[in-house]
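One-based numbering along the sequence shown.
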Amino acid sequence: MDRMGTCDGFCEIEIGGRREKTHTIKDSYNPEWNETFEFEARGGDMRIRVFDWDFVGGNDVVGDAFITHTQMMLVAGMGREETMHLELKTSDGALVKGHDKETSIITVSLKVHFHLQRSLPPLSCCALIPKPMMTLAGGAE
């Protein structure tokens, strides 16, 4: 939180060593990023880290939310986009409380689809690789 008592939020989304970042929304306790990211996932969990951007010094970590590989596969099995409400937690696992003293939630829309990847040579085995697409439909509350 800034000296003025506001939050300038942005997220970093990471899966499989690849990281994407949303734009920063200034002066909001309830940012809505409405951004879509596409990742190729060969296993592993997705981490969503919420930050408070600071003009001077380092950005403050607000908290983390995770979508497990198992959850992504369940969404893939449904064949549709799924909205998930995830609690933000600190690095020691405590729930993040907002300025209103309520648990901070991040809302994510997740759709997982598969694409066929052929190994060389063409007659060898093929693999289905999950590609989760995540939209930060709502922000941290």
(message) Let's go through Glu35 and Lys21 carefully: what are the C-alpha distance in whole Å and the side-chain angles of both, what is the deciding distance for side-chain contact (heavy atoms from CB on, under 4.5 Å) to 0.1 Å, and is it a yes or a no?
(response) CA-CA 10 Å; Glu35 295 185 43; Lys21 182 178 148 185; over 6 Å; no
(request) For a side chain to side chain contact (heavy atoms under 4.5 Å, CB included) with Glu82, tell me which candidate from Val75, Val108, Ile67 qualifies. (result)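 Between Glu82 and the candidates, side chain to side chain contact (heavy atoms under 4.5 Å, CB included) is satisfied uniquely by Val75.
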(message) My understanding is that only one of Met84, His85, Glu32 makes a side chain to side chain contact (heavy atoms under 4.5 Å, CB included) with Thr107; could you say which?
(response)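 Of the listed residues Met84, His85, Glu32, the side chain to side chain contact (heavy atoms under 4.5 Å, CB included) partner of Thr107 is His85.
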What is the minimum heavy-atom distance between [X] and [Y], and which atoms define it?
X: Ser109; Y: Thr83; result: OG-OG1, 3.7 Å
X: Val50; Y: Cys11; result: CG2-SG, 3.8 Å
X: Ser28; Y: Pro31; result: OG-N, 3.3 Å
X: Ile15; Y: Gly44; result: CD1-O, 4.2 Å
X: Ile106; Y: Ala65; result: CG2-CB, 3.9 Å

In Å, rounded to the nearest 0.5 Å, how long is the span from [atom1] of [X] to [atom2] of [Y]?
X: Arg19; Y: Ile13; atom1: CZ; atom2: CD1; answer: 10.5 Å
X: Asp8; Y: Thr24; atom1: CG; atom2: OG1; answer: 7.5 Å
X: Asp64; Y: Glu12; atom1: CG; atom2: CD; answer: 10.0 Å
X: Glu38; Y: Arg18; atom1: CD; atom2: CZ; answer: 8.0 Å

With a 4.5 Å limit on heavy-atom distance, are the side chains of [X] and [Y] in contact?
X: Ile105; Y: Leu88; value: no
X: Leu86; Y: Phe66; value: no
X: Glu20; Y: Phe39; value: yes
X: Phe37; Y: Thr22; value: yes
X: His23; Y: Trp33; value: yes

(message) I'd like to know if the side chain of Trp53 reaches the main chain of Asn59, judged simply by a donor and an acceptor atom lying under 3.5 Å from each other, with no hydrogens or angles considered.
(response)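 No, Trp53 side chain to Asn59 backbone: no donor-acceptor pair under 3.5 Å.
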(request) Kindly say whether Gly9 contributes a backbone atom to a donor-acceptor pair with the side chain of Asp52 at under 3.5 angstrom? (result)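 Looks like no, no N/O pair under 3.5 Å.
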(message) Please tell me whether Met73 and Leu110 are part of a single hydrophobic cluster in this structure, the criterion being side-chain heavy atoms less than 4.5 Å apart.
(response)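 Same cluster.
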(request) For Ser104 and Lys97, test the side chains for any donor-to-acceptor distance below 3.5 angstrom and give the result as yes or no. (result)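 Side-chain D/A pair, Ser104 to Lys97: absent.
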